[in-house]
Amino acid sequence: MQTIRIDTPSAKYSIFAGYGLLETLAPRIERAVGRLPRRVFVLTSPEIWALWGRSLQQSFAEAPVVLFLPAGERHKNLASVERLTREMARAGGDRGSLLIAFGGGIVGDVGGFVAAVFMRGIPYVQVPTTFLAQVDSSVGGKTGVNLPEGKNLVGAFHHPRAVFADLGVLGTLPDRELRAGLMESVKAGIIRDRALVRFMEEHARSVLKRDPKALERVIGASIRMKAAVVNQDERESGLRMILNFGHTVGHALEQATGYKAMLHGEAVGWGMVAALYLARRRGTITGAQMERLEKLIYRYGPLPELKARAGRIVAATAGDKKNVGGMRRFVLPDGIGASQVVEDVTVAELEAAVRYMLARAGEELG
Ligand SMILES: NC(=O)c1ccc[n+]([C@@H]2O[C@H](COP(=O)([O-])OP(=O)(O)OC[C@H]3O[C@@H](n4cnc5c(N)ncnc54)[C@H](O)[C@@H]3O)[C@@H](O)[C@H]2O)c1
Ligand SMILES: [Zn+2]
């Protein structure tokens, strides 16, 4: 098992990643929060509960109150927050209650936000069940929901008391979800962990086969990378921005395709291809490095077909809430395992990068 510490001005706690955590959750939570409160809520989705609910419940002397959030991004909204907090109030929830967010990133984001606002904030723990949630969304304290006007526009920083990433639950994760989540690990390696890049190159087969040791190595390193960044820059005033590598174009792709055609990690995969092209043009990576990193991205694919037009994608990057002025902000790798944020990417540069990406999408699909 890997134990990674979050240590920021507002929170100090551990992230545990390993096997067998789910079946022993109650005593582990007790150790993390002191003692189990009278009311414990579990927020999950019906699908996850059907697969893993029994395992989660087995270590609790008294069964937790189960709250359900249906799967899908369209339920990550304020209406769900209202419904869930009302259910908690009716079930006797109080300021000392504990919430367990048990699911993918959507359950984690909604659960964290519900915990942030119910009774002005109650303690919660994350038990992430997707690859993406284990390496990314459960780490760092960002919580929130979507508005019709855009994704993640309402939210709060609210750290959990602990994170328990049980890698065993990934056994039932669809292959496409696994591969999409792995793009965040590819990202982690490229921006800050050269050894992770090498490991993912050399052990792609075992990782994709979900070999326990290989998964633990990749997930542990990915969490460690994000935790180290969050520990230095909790509120994203500087360093934390590097986590957005591949996300400027990635978000634009998701937006241009209505969040339906592709998974987040798949969009980030293509976004990284565009960013690598930009980095190559600016000379922060060599041609050989670009080739090597692109190959790594495709190794964890396949990435989906891209139907959006270049103009539409470029236009969609203008709406990114992380932009300043007319220029686009980009995270560019600096060799392999380091990165920098640049603020002055012109529309012409961006267009060239998007065209390159679209051309590669055509070729990759052959
Ligand atoms: N807070 C953050 O810092 C942060 C960071 C990145 C992403 N996010 C958010 O995370 C969300 C995406 O999360 P996600 O990719 O985990 O998607 P998700 O939560 O929609 O889960 C994907 C699908 O997998 C299913 N599933 C989950 N665990 C499973 C398991 N063990 N076995 C079988 N099926 C399982 C779910 O029911 C769902 O259908 C987005 O809303 C995004 O905005 C947040
Ligand atoms: Zn992401």
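The first residue in the sequence is number 1, and the count goes up from there. Ligands are counted one by one from 1 in listed order, and the atoms in each one are counted from 1 as well.
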Among protein heavy atoms, which sits nearest to atom 23 (C) of ligand 1, and what does the distance come to when rounded to 0.1 Å? Glu177 OE2, 3.7 Å
Looking at Thr284 and Pro333, would you say the former's side chain and the latter's main chain have a donor-acceptor pair under 3.5 Å? yes
Please work out which of Gly105, Pro174, Pro46 has its closest non-hydrogen atom nearest to atom 14 (P) of ligand 1. Gly105
Does the side chain of Ile219 reach to within under 4.5 Å of the side chain of Leu170, using non-hydrogen atoms? yes
Heavy atoms only, cut-off 4.0 Å: how does Leu132 contact ligand 1, side chain, backbone, both, or neither? side chain
Would you please test Phe41 and Tyr124 for side chain to side chain contact (heavy atoms under 4.5 Å, CB included) and show each step? CA-CA 9 Å; Phe41 294 96; Tyr124 77 112; over 6 Å; no
I'd like the name of whichever of Ser137, Ala180, Ala71 reaches closest to atom 4 (C) of ligand 1 through any heavy atom. Ser137
Counting only heavy atoms, which portion of Leu263 has something under 4.0 Å from ligand 1: side chain, backbone, both, or neither? neither
Asp136 meets the salt bridge (charged side-chain N to carboxylate O under 4.0 Å, His left out) criterion, sequence neighbours left out, with Lys226
Tell me whether Lys151 has any N or O atom under 3.5 angstrom from an N or O of ligand 1. yes
Numbered atoms of ligand 1 (with element) below 4.0 Å of Thr129, judged on heavy atoms: 27 (C), 28 (N), 29 (C), 30 (C), 31 (N)
Verify the cluster assignment for Tyr19 and Leu25: are they in a single hydrophobic cluster under the rule of side-chain heavy atoms below 4.5 Å apart? no
Ranked by distance from atom 20 (O) of ligand 1, the top protein heavy atom is Ile106 CD1, 3.2 Å
Residue-ligand contact Lys76/ligand 1, heavy atom below 4.0 Å: yes
Would you call the rings of His251 and His247 parallel, tilted or perpendicular, where under 30° means parallel and over 60° means perpendicular? perpendicular
Residue Lys142 vicinity, atoms of ligand 1 by number, heavy atom under 4.0 Å: 1 (N), 3 (O)
What about Ile48: any of its N or O atoms under 3.5 Å from an N or O on ligand 1? no
Give me the one residue out of Val40, Val127, Val125 that meets side chain to side chain contact (heavy atoms under 4.5 Å, CB included) with Ile29. Val125
Compute the shortest N/O to N/O distance between Asp109 and ligand 1 and return yes if it is under 3.5 Å, no if not. yes
May I ask whether atom 25 (C) of ligand 1 is less than 4.0 Å from at least one protein heavy atom? no
Say whether, by atom type as modelled, one donor and one acceptor occur between the side chain of Ser80 and the main chain of His75 under 3.5 angstrom. yes
Find out whether Asn152 and Asn146 are in side-chain contact, i.e. whether some heavy atom of one side chain is under 4.5 Å from a heavy atom of the other. yes
Other residues, nucleotides, ligands: >12 heavy atoms within 6.0 Å of Arg5 CZ: yes
Distance criterion under 2.8 Å: protein N/O/S atoms around the Zn ion (ligand 2): 3
Has the side chain of Arg312 got a donor or acceptor atom that lies under 3.5 Å from a matching backbone atom of Ala256? yes
Name the orientation class of the two ring planes belonging to Phe16 and Phe164 (parallel below 30°, tilted from 30 to 60°, perpendicular beyond 60°). parallel
Numbering the atoms of ligand 1 from 1, which are under 4.0 Å from a heavy atom of Gly104? 16 (O), 19 (O)
What do we get for Glu73 next to ligand 1 when only non-hydrogen atoms under 4.0 Å count, side chain, backbone, both or neither? side chain
Any heavy atom of Lys226 closer to ligand 1 than 4.0 angstrom? yes
Quick one: sort the Trp49 and Phe68 rings into parallel, tilted or perpendicular, breaks at 30° and 60°. perpendicular
Looking only at protein heavy atoms, identify the closest one to atom 35 (C) of ligand 1 and say how far it is in Å. Leu173 CD1, 3.8 Å
Heavy-atom contacts with Asn152 under 4.0 Å: which atoms of ligand 1 show up? List them by number with element. 43 (O)
Mark yes or no for whether Arg179, through its side chain, and Gly301, through its backbone, hold a donor-acceptor pair below 3.5 Å. yes
More than 12 heavy atoms from other groups under 6.0 Å of CZ on Arg235: yes
Using a strict 4.0 Å cut-off to heavy atoms of Leu51, name the atoms of ligand 1 that fall inside it. 32 (N), 33 (C)
Would you say ligand 1 has an N or O under 3.5 Å from any N or O of Val139? no
Quick test: of every protein heavy atom, which one is nearest to atom 30 (C) of ligand 1, and how far off is it to 0.1 Å? Thr172 OG1, 3.5 Å
Taking Arg39's backbone N and O only, do any of them form a donor-acceptor pair with Asp94's side chain (distance below 3.5 Å, no angle check)? no
Measure the distance from atom 27 (C) of ligand 1 to every protein heavy atom, then report the residue, atom name and distance (to 0.1 Å) of the closest one. Thr130 CG2, 3.3 Å
